[in-house]
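Quick note: residue numbers are just sequence positions, from 1.
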Amino acid sequence: MTRTRSRGWLGALPLLAFFAFVFGVPAVALVAGAFTAQGRPSLANLTQSLQGGYLIAMIGSVKLSAVVALLGAVLGTFLAQAVVASRGTLLREAVLTASGVLANFGGVPLAFFWIATLGNSGVISGLLGLPSGSLYTFWGLVVVYLYFSVPLMVLVMAPALDGLRPQWREAAASSGATSWHYWRFVALPVLAPAMLGGVVLLFGSSFSAYATANAMVGTVVPLVTLKIASALTGDVLIGYENIALALSLDMVVVAGLVMAIYLPLQRRTSRWLH
């Protein structure tokens with residue numbers, strides 16, 4: 001039996017080789033290119049990627065992603081709770097189905113939808129008399145990103161909210177706990193891992209988004225993904241041809257820092273589930 005188990009991993013070799021090729025080769029090329037300038041090893045690209053407009057773009061992307069993640073998590077959790085608490089099966093199925101569709105609705109079609117609705121010549125903006133250009137700002141982009149972030153959070157939180165047992169609320173009520181006490185000391189600690197995971201997921205999806213922002217704001221709102229696109233099309237200084245790879249490596253580092261914060265918190269809060 002032990003010998004059979006020791007050879008069980010051999011069946012996973014093709015999958016491991018596939019992942020090593022698909023993810024390993026681009027990762028090696030990314031790191032090698034980021035540390036290469038003018039044909040020799042150098043930190044010039046990384047140094048340049050943390051200065052001037054590139055640094056402003058990185059800060060803008062982190063700020064945008066953090067705001068969208070926090071707002072999307074709060075709004076999505078409340079909406080998921082309303083759906084789970086409702087007694088209408090039809091409403092629940094309709095909201096979850098719509099969330100599955102809207103969570104994957106992005107890119108240029110999403111930008112066109114909002115421009116046609118709230119843009120300078122949009123239908124709704126004309127009726128409401130909104131200021132010209134209000135959509136093509138940082139907060140306008142936040143609203144657009146929430147369009148797919150909130151449904152994504154609903155899909156994350158709905159199963160977690162379904163896992164809350166009615167007996168826990170009954171036990172809390174029989175012990176004299178109020179509704180606030182139940183949510184503060186029972187429900188929220190249990191839901192914390194799912195909520196933290198949702199925040200990280202929303203941050204990552206907003207941080208890596210490109211097509212929607214490019215179609216809507218262009219260079220008005222500085223974002224690192226737009227800077228990478230400009231670098232790939234040749235809009236760089238001489239000697240910094242690999243600046244796009246350095247910016248991509250910076251994004252990987254930011255994502256790694258977010259995960260480094262999330263994982264210890266997730267382990268701590270997941271103790272409530274055991």
Side-chain angles (χ1 to χ4, degrees), residues 5 8-9 12 15 19 62 64-106 110 142-209 254-274:
R5 289 181 179 177
W9 64 273
L15 181 62
F19 274 98
V62 172
L64 175 66
S65 303
V67 171
V68 171
L70 293 177
L71 290 178
V74 173
L75 297 175
T77 300
F78 278 112
L79 180 58
Q81 169 60 19
V83 171
V84 171
S86 66
R87 298 181 179 179
T89 304
L90 182 60
L91 174 63
R92 176 190 175 92
E93 293 179 353
V95 172
L96 292 180
T97 302
S99 297
V101 175
L102 297 177
N104 294 282
F105 183 59
L110 178 62
V142 168
V143 172
V144 174
Y145 278 22
L146 287 175
Y147 190 81
F148 60 81
S149 297
V150 172
L152 185 58
M153 192 66 183
V154 171
L155 295 177
V156 172
M157 290 304 301
L161 289 167
D162 281 332
L164 295 178
R165 301 177 183 176
Q167 294 87 343
W168 297 345
R169 182 184 287 272
E170 296 171 359
S174 63
S175 301
T178 62
S179 179
W180 161 252
H181 291 144
Y182 165 75
W183 283 103
R184 170 64 180 83
F185 296 104
V186 179
L188 285 181
V190 173
L191 296 174
M195 294 181 66
L196 289 173
V199 170
V200 172
L201 182 61
L202 297 188
F203 183 93
S205 62
S206 301
F207 191 59
S208 61
V254 171
L257 292 176
V258 173
M259 291 300 299
I261 297 173
Y262 161 69
L263 290 177
L265 293 175
Q266 194 274 341
R267 291 194 196 99
R268 182 176 181 181
T269 54
S270 62
R271 297 174 185 171
W272 289 85
L273 300 176
H274 300 288

Which atom of [X] lies closest to which atom of [Y], heavy atoms considered:
| X | Y | answer |
| --- | --- | --- |
| Ser174 | Ala171 | OG-O, 2.7 Å |
| Asn104 | Gly100 | ND2-O, 2.8 Å |
| Leu202 | Ala73 | CD1-N, 3.6 Å |
| Ala103 | Pro151 | N-CB, 4.0 Å |
| Leu152 | Ser205 | CD2-OG, 4.4 Å |

*Are the side chain of Thr97 and the backbone of Ala94 linked by a donor-acceptor contact shorter than 3.5 Å?*
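No, because the side chain of Thr97 does not come within donor-acceptor range (under 3.5 Å) of the backbone of Ala94.
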_Ser65 side chain to Val62 backbone, donor-acceptor under 3.5 Å_ =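 Pair absent, no side-chain N/O of Ser65 close to backbone of Val62.
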pair [X]-[Y]: side-chain heavy atoms closer than 4.5 Å:
| X | Y | result |
| --- | --- | --- |
| Leu75 | Met153 | no |
| Glu170 | Tyr182 | no |
| Val84 | Met157 | no |
| Val150 | Leu102 | no |
| Val190 | Trp168 | yes |

*Given side-chain contact (heavy atoms from CB on, under 4.5 Å), test Leu64 with Val68 step by step and report yes or no.*
CA-CA 6 Å; Leu64 175 66; Val68 171; 4.1 Å; yes
*Residue list, salt bridge (Lys or Arg N to Asp or Glu O under 4.0 Å) with Arg184, at least two apart or on another chain*: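 Checked Arg184 against salt bridge (Lys or Arg N to Asp or Glu O under 4.0 Å); zero matches.
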*Which pairs pass side-chain hydrogen bond (donor to acceptor under 3.5 Å, both in side chains) with one or both residues in residues 153-166, sequence neighbours excluded?*
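side-chain hydrogen bond (donor to acceptor under 3.5 Å, both in side chains) check on residues 153-166 returns Arg92-Asp162.
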_Atom CZ of residue position Phe78 - does it have more than 12 heavy atoms of other residues, nucleotides or ligands inside 6.0 Å?_
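No - once you tally the heavy atoms of other residues, nucleotides and ligands closer than 6.0 Å, there are 12 at most.
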*Show your working on side-chain contact (heavy atoms from CB on, under 4.5 Å) between Leu191 and Leu164 and close with a plain yes or no.*
CA-CA 8 Å; Leu191 296 174; Leu164 295 178; 4.1 Å; yes
_Leu146 CG to Ser206 OG distance, which is reported to the nearest 0.5 Å_ =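 Taking CG in Leu146 and OG in Ser206, the distance rounds to 8.0 Å.
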_In this structure, is the centre-to-centre distance between the rings of Tyr145 and Phe148 below 6.0 Å?_
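Judged by ring-centre distance (under 6.0 Å), Phe148 and Tyr145 do meet the cut-off.
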